[in-house]
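The following block contains the structure, expressed as structure tokens.
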Amino acid sequence: MSIQTIFGNELYNWININTDKADNLEDIYATYDIDEEVIAYSLDRNERAHFEYDQKSDTFVVVFNVPDQRKIDNHYETIPMVYIIKGKQLLTITNKNNQYIVKKMNKYLKENEDVTILQFLFSSLYLVMDSFFPYVEEMDIDRKIINDKLKIKTTKKNLLSLSDLETGIVYFLSASKQNAALLEQMKTHVIFRTLNEVEKEQFEDALIEARQLVEMTELSSQILQQLSGTYNNILNNNLNDTMKILTALSILLTVPTIITGFFGMNMPLPLEHNAFGWIVAIFISVLLWFGLSFILRKLMR
């Protein structure tokens, strides 16, 4: 299904193609002369952010990373969204997972009806960058909650939750870096020189927002890595302490075994005919046990 919106004093039109609701996508793509390669971009959730400009056909294609509102395997991911400018026509190819961006674009158009097509594009990219921040803030809140739980008890469940957060922030960090790199490349492209002052200002706003997002996701990623490393060290330290205790116990348990084994040999031994010989053997075992435990305690400090 495609929805058309006129804007910019009726000079431009925006057509949004929802691939989930369209029955004959091939006919729609043929109607708007959308290349098959561009279609592949919109369907491949692993597509990297990039842009292409065909001067002959005056076609400008932008593939931008958008946050996926769903949680996949307990973490957030990103999906591509395609913007196509052909002359005075803007096309967006969306699906149910990035349709919320279209709602934000519609809201922006209602408040700014007289924008140019490039102003609308750059404003849309700004809205995309802005939509990342609530998810990053949510992950920061989850990180604090999990950290508090781990301080009380380092459980497998909490460690797996921390790992899910790390995975999600890695997706966001990679996506934000790709988006920022795309805008940086666009700034050096010939199309940037054709922008008017307002369009350049709108572009700079999107670029600044992209840089801020990269800094924010990098900071969150570094904190999560530090937390993960800290709890990994704690677990290793706990394991070392446990192994020390087990080693000390195994050494101490060998003392009674050695003493009783010595007096249990089938040959003449001291105290063999003494009625209290077993008490003496126990006394020797206890004395050696305490002596050895004292030595081990000194060594383990």
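Model, not experiment: these values are computed from the prediction.
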When you look at NZ of Lys71, are more than 12 heavy atoms from neighbouring residues, nucleotides or ligands closer to it than 6.0 Å?
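Yes, the 6.0 Å shell around NZ holds more than 12 heavy atoms from other groups.
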Mind checking the CG-CG spacing from Asn16 to Asn106? Nearest 0.5 Å is all I need.
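It is 8.0 Å, given to the nearest 0.5 Å.
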What pair of heavy atoms forms the shortest contact from Leu224 to Arg143, and how long is it?
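The answer is CD2-CD, 3.6 Å.
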Nearest heavy-atom neighbours spanning Gln178 and Arg48
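Answer, listing the atom of Gln178 first, then Arg48: OE1-CA, 3.3 Å.
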At what distance, to the nearest 0.5 angstrom, does CZ of Arg211 lie from CD of Glu184?
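Spacing of CZ (Arg211) from CD (Glu184) equals 4.0 Å.
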Could you check whether the rings of Tyr171 and His75 sit parallel, tilted or perpendicular, using 30° and 60° as the cut-offs?
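The rings of Tyr171 and His75 lie parallel, inter-plane angle below 30°.
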So does Gln226 get a backbone contact from the side chain of Thr230, meaning a donor-acceptor N/O pair under 3.5 Å?
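Such a contact is found between Thr230 side chain and Gln226 backbone.
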Pairwise distance CD(Glu77) to OG(Ser174) - rounded to 0.5 angstrom:
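Answer rounded to 0.5 Å: 11.0 Å.
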Minimal non-hydrogen separation, Val82 against Ile84, with atom names
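Val82 and Ile84 have their closest heavy atoms at CG1-CG1, 3.8 Å.
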Any side-chain heavy atom of Phe60 sitting closer than 4.5 Å to one from Leu121?
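Heavy-atom side-chain distance check passes, below 4.5 Å.
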Is any side-chain heavy atom of Leu159 closer than 4.5 Å to a side-chain heavy atom of Thr154?
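Of all side-chain heavy-atom pairs linking Thr154 with Leu159, at least one is under 4.5 Å.
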Atom CD1 of Ile93 and atom CG of Asn18: how far apart are they, to the nearest 0.5 Å?
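Going from the CD1 atom of Ile93 to the CG atom of Asn18 covers 11.0 Å.
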Single-linkage hydrophobic cluster, 4.5 Å side-chain cutoff, Leu213 and Met139 together:
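The answer is yes; both residues are in one hydrophobic cluster.
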Are Tyr100 and Val136 connected in a single hydrophobic cluster, I mean Ile/Leu/Val/Met/Phe/Trp/Tyr linked by side-chain heavy atoms less than 4.5 Å apart?
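In one cluster: yes.
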Within the structure provided, determine whether Lys149 and Ile145 are in side-chain contact (heavy-atom separation under 4.5 Å).
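Of all side-chain heavy-atom pairs linking Ile145 with Lys149, at least one is under 4.5 Å.
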Side chain to side chain contact (heavy atoms under 4.5 Å, CB included) partner of Leu162, the single match among Asn147, Thr167, Ile146
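That would be Ile146; it is the only one of Asn147, Thr167, Ile146 passing the side chain to side chain contact (heavy atoms under 4.5 Å, CB included) with Leu162.
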When you look at Gln212 and Met129, which way does the side chain to side chain contact (heavy atoms under 4.5 Å, CB included) test go after all the steps?
CA-CA 9 Å; Gln212 289 177 346; Met129 304 308 299; over 6 Å; no
Using side-chain heavy atoms (C-beta onward) and a distance below 4.5 Å, is Gln69 in contact with Tyr135?
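SC-SC contact between Gln69 and Tyr135 confirmed.
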To the nearest 0.5 angstrom, please state how far the CD1 atom of Ile85 sits from the CD1 atom of Ile117.
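Output value for this atom pair is 4.5 Å.
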When you compare the side chain of Thr92 with that of Met105, does any pair of heavy atoms fall below 4.5 Å?
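Contact flag for Met105/Thr92 side chains = yes.
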With a 6.0 Å cut-off (strictly less than), is the heavy-atom count around CD of Glu138, excluding the residue itself, greater than 12?
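Enclosed: over 12 neighbouring heavy atoms sit under 6.0 Å from CD of Glu138.
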The test is ring-ring contact (aromatic ring centres under 6.0 Å, His included); show your working for Phe64 and Tyr83 and say whether it passes.
CA-CA 8 Å; Phe64 216 61; Tyr83 300 83; 7.0 Å; no
Any chance you could measure Asp68, atom CG, to Asn97, atom CG, to the nearest 0.5 Å?
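So the gap between those two atoms works out to 4.5 Å.
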Between Ser131 (side chain) and Val128 (backbone), is there a donor-acceptor pair under 3.5 Å?
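Checking the backbone N and O of Val128 against the side chain of Ser131, a donor-acceptor pair under 3.5 Å is found.
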Is it the case that the side chain of Gln222 and the backbone of Leu219 share a donor-acceptor pair, with hydrogens and angles ignored and the cut-off at 3.5 Å?
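No, Gln222 side chain to Leu219 backbone: no donor-acceptor pair under 3.5 Å.
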What about the rings of Tyr12 and Phe120, do their centers lie closer together than 6.0 Å?
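Judged by ring-centre distance (under 6.0 Å), Tyr12 and Phe120 do not meet the cut-off.
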Does CD belonging to Glu10 count more than 12 external heavy atoms closer than 6.0 Å?
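Result for CD/Glu10: open.
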If you look at every heavy atom in Leu207 and Ala180, which pair is closest and at what distance?
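Here Leu207 and Ala180 meet closest at CD1-O, 4.2 Å.
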Shared hydrophobic cluster for Tyr76 and Val66 (ILVMFWY, side-chain gaps under 4.5 Å)
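Linked, Tyr76 and Val66 end up in one cluster.
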Shortest non-hydrogen contact from Pro80 to Val63?
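Nearest heavy atoms, Pro80 then Val63: CB-CG1, 3.9 Å.
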With distance as the sole test, does Ser293 use its side chain to make a donor-acceptor pair with the main-chain N or O of Phe290 at under 3.5 Å?
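Yes: the side chain of Ser293 pairs with the backbone of Phe290.
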Without swapping roles, check the side chain of Asn98 against the backbone of Thr94 for a donor-acceptor pair under 3.5 Å.
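Answer holds: no.
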Give a yes or no answer on whether the side chain of Glu209 reaches the backbone of Tyr126 with a donor-acceptor pair at less than 3.5 Å.
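Answer holds: no.
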Looking at every non-hydrogen atom in both residues, tell me the closest pair between Met186 and Phe51 and how far apart they are.
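The pair with the smallest heavy-atom distance is N-CE2, 3.7 Å.
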